[in-house]
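Report on one structure; see the data block that follows.
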Amino acid sequence: MPYCEVGRYADGDKWEGVRVYYRRYGRGATKVLLIIGLAGTHDSWGPQIKGLTGSLEPADDEALRPDEEAAGGDGDGIEVCCFDNRGAGRSSVPPNKSYYSTAIMATDALALMDHLGWKKAHVFGHSMGAMIACKLAAIAPHRLCSLALLNVTGGGFQCFPKVDGQMLSLAFRFLRAKTPEERALVDLETHYTKEYLEETVGSCTRRMVLYQEYVKGISSTGMQSNCGFEGQINACWTHNMTTKELDTIRSAGFLVSVIHGRYDIIAQLCHAKRLAESLLPVARMVELHGAHLVSHERPDEVNNALMDLIKATGSAMKPEEWSAQPENTSETGALISARPITVTMRTDEVMGFEHIRNIVRIMKPARVAPIDS
């Protein structure tokens with residue numbers, strides 16, 4: 001199994017660190033590190049792995065072809081690595097939430113790059129993974145070729161969803177879900193737009209297709225452990241990018257793309273816009289017609305945005321050229337903008353955030369047991 005060990009051996013050769021599970025796809029000189037979000041695993045990047053490398057077949061154990069070996073494994077293609085964050089999937093689950101922060105998890109990602117022998121990489125993160133990517137960019141800016149932040153917020157109250165009746169209902173159902181079926185229904189409503197779920201696919205709706213896939217996936221793995229969930233939630237709520245860290249990213253010399261679904265009810269668009277504004281002139285804001293999993297809902301558009309970033313880096317595009325793009329305001333297309341905006345946080349949103357955070361502390365999410373086959 002491909003693991004990267006982060007930490008050290010104590011006396012008596014007892015391991016005290018964390019093992020990070022990862023997979024590699026594709027071959028080439030262009031390296032891309034994908035960092036997934038809360039409760040997600042490496043395979044959540046499927047549409048992007050396929051779009052960037054052309055294949056979903058892992059390359060971890062593949063022998064180099066003669067032409068690749070002669071070139072040191074490099075070439076014109078793209079090599080992607082994605083992994084399970086600590087607390088999820090096949091990676092280690094530290095027992096204490098103090099072992100989870102976006103800065104700590106960024107050092108996990110950096111250790112993985114060292115393990116792979118990657119001097120530099122394009123770093124793309126989704127949701128919590130985008131927060132981790134921001135920290136990585138601030139900690140080791142010289143290791144990044146570019147930075148893409150999908151459905152990102154600035155952490156703390158910003159990573160809490162819009163407080164309304166629908167979200168309160170979804171939060172309560174999520175915390176009380178005890179079967180894969182109950183959890184799948186909540187996940188679909190929070191990850192995708194209603195319009196997308198009601199699209200016809202063959203003889204049924206996309207909702208039914210995805211529902212069956214979600215139930216199957218949850219049934220085979222069970223829910224994330226309480227320790228892992230609480231730890232990753234702690235990482236989100238304690239995340240914060242200081243002015244100095246943002247200055248470091250802005251002056252590092254690489255381009256940034258902030259990609260967001262305009263109907264995301266988990267990570268609100270206004271916070272992503274604020275982050276993009278703080279990173280001008282190196283950042284481009286790309287709005288897409290989708291929700292929190294816009295990477296799945298609009299994979300072609302997301303992949304095009306990621307490839308645009310890779311190509312712009314390769315051509316050494318100037319920051320002013322990158323951010324100053326014409327706007328496309330079509331309802332189903334992308335909206336690319338670098339114009340400054342002003343965002344304020346309402347008092348009721350802050351109070352709602354504190355209220356539901358206390359609920360989460362009291363009501364731990366129920367573990368979903370696998371279904372007997």
Side-chain angles (χ1 to χ4, degrees), residues 1-6 17-28 30-62 77-94 100 102 104-118 121-133 135-136 147-152 187 191 210 213-214 216-225 227-229 231-232 235-236 259 292-297 299 302-303 306:
M1 287 291 185
Y3 283 96
C4 169
E5 296 182 338
V6 183
V18 169
R19 286 185 169 89
V20 175
Y21 179 83
Y22 70 91
R23 299 310 300 261
R24 291 167 45 238
Y25 302 83
R27 296 288 191 189
T30 300
K31 312 298 185 184
V32 177
L33 184 68
L34 302 177
I35 309 178
I36 198 58
L38 175 69
T41 56
H42 68 282
D43 49 9
S44 298
W45 284 110
Q48 283 61 60
I49 295 169
K50 177 70 173 179
L52 294 173
T53 71
S55 173
L56 288 174
E57 190 67 29
D60 302 307
D61 302 320
E62 289 182 4
I78 296 176
E79 180 178 347
V80 167
C81 179
C82 49
F83 62 99
D84 297 343
N85 287 308
R86 60 170 64 201
R90 299 182 185 181
S91 291
S92 299
V93 183
Y100 298 83
T102 52
I104 291 173
M105 296 161 90
T107 62
D108 290 346
L110 188 59
L112 177 56
M113 287 180 63
D114 292 338
H115 175 79
L116 296 171
W118 290 6
H122 299 270
V123 177
F124 303 160
H126 177 266
S127 195
M128 180 188 74
M131 300 180 202
I132 296 169
K135 284 295 182 182
L136 175 58
L147 177 66
L149 307 172
L150 285 71
N151 297 81
V152 69
D187 284 353
H191 291 165
L210 289 173
E213 292 178 358
Y214 270 57
K216 181 179 178 181
I218 298 172
S219 299
S220 64
T221 61
M223 275 187 62
Q224 185 181 22
S225 69
C227 286
F229 177 79
Q232 291 191 351
C236 293
I259 305 168
H292 192 61
L293 271 182
V294 70
S295 55
H296 286 227
E297 191 167 342
V302 169
N303 293 343
L306 297 177

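Keep in mind that this is a model prediction, so the values were computed, not measured.
- Residues satisfying the side-chain hydrogen bond (donor to acceptor under 3.5 Å, both in side chains) criterion with H191, sequence neighbours excluded, are Y214.
- Residues passing the side-chain contact (heavy atoms from CB on, under 4.5 Å) test with A39, sequence neighbours excluded: Q224.
- For T53, the side-chain hydrogen bond (donor to acceptor under 3.5 Å, both in side chains) test picks out no residue, with sequence neighbours left out.
- Scored by the salt bridge (Lys or Arg N to Asp or Glu O under 4.0 Å) test, D114 finds R143 as partners (sequence neighbours excluded).
- Under the side-chain contact (heavy atoms from CB on, under 4.5 Å) criterion, A121 pairs with K31, M113, W118, not counting sequence neighbours.
- Scanning for side-chain hydrogen bond (donor to acceptor under 3.5 Å, both in side chains) contacts around H122 gives S146, with sequence neighbours left out.
- Residues that satisfy the side-chain hydrogen bond (donor to acceptor under 3.5 Å, both in side chains) test with S44, not counting sequence neighbours, are absent from this structure.
- Without hydrogens or angle criteria, N85 side chain to I36 main chain gives a donor-acceptor distance under 3.5 Å.
- With sequence neighbours excluded, the residues forming a side-chain contact (heavy atoms from CB on, under 4.5 Å) with P94 are V18, R86, Y99, Y100, listed by chain and number.
- We find that E5 and R19 are joined by a salt bridge, their nearest charged nitrogen and carboxylate oxygen being less than 4.0 Å apart.
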For a side-chain contact (heavy atoms from CB on, under 4.5 Å) check, start with the C-alpha distance between I78 and Y25, then their side-chain angles and the critical distance, and finish with the verdict. CA-CA 8 Å; I78 296 176; Y25 302 83; over 6 Å; no

Begin with the C-alpha distance, continue with both residues' side-chain angles, and end with the deciding distance and a verdict on side-chain contact (heavy atoms from CB on, under 4.5 Å) for I35 and M105. CA-CA 10 Å; I35 309 178; M105 296 161 90; over 6 Å; no

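- Among residues two or more places apart in sequence or in another chain, the salt bridge (Lys or Arg N to Asp or Glu O under 4.0 Å) test is passed with D187 by R183.
- Considering every non-hydrogen atom in both A148 and L306, the closest pair reads CB-CD2, 3.7 Å.
- A distance of 10.0 Å separates CD1 of I49 from CZ of R23, quoted to the nearest 0.5 Å.
- Qualifying side-chain contact (heavy atoms from CB on, under 4.5 Å) partners for S91, counting only residues two or more places apart in sequence or in other chains: V20, Y21, D84.
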Working for side-chain contact (heavy atoms from CB on, under 4.5 Å), residues D108 and I132: CA-CA 10 Å; D108 290 346; I132 296 169; over 6 Å; no

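- Judged purely by atom type and a 3.5 angstrom limit, H126 uses its side chain to pair as donor or acceptor with the backbone of H292.
- Side-chain atoms of L147 and L136, non-hydrogen and from C-beta on, never get closer than 4.5 Å to each other.
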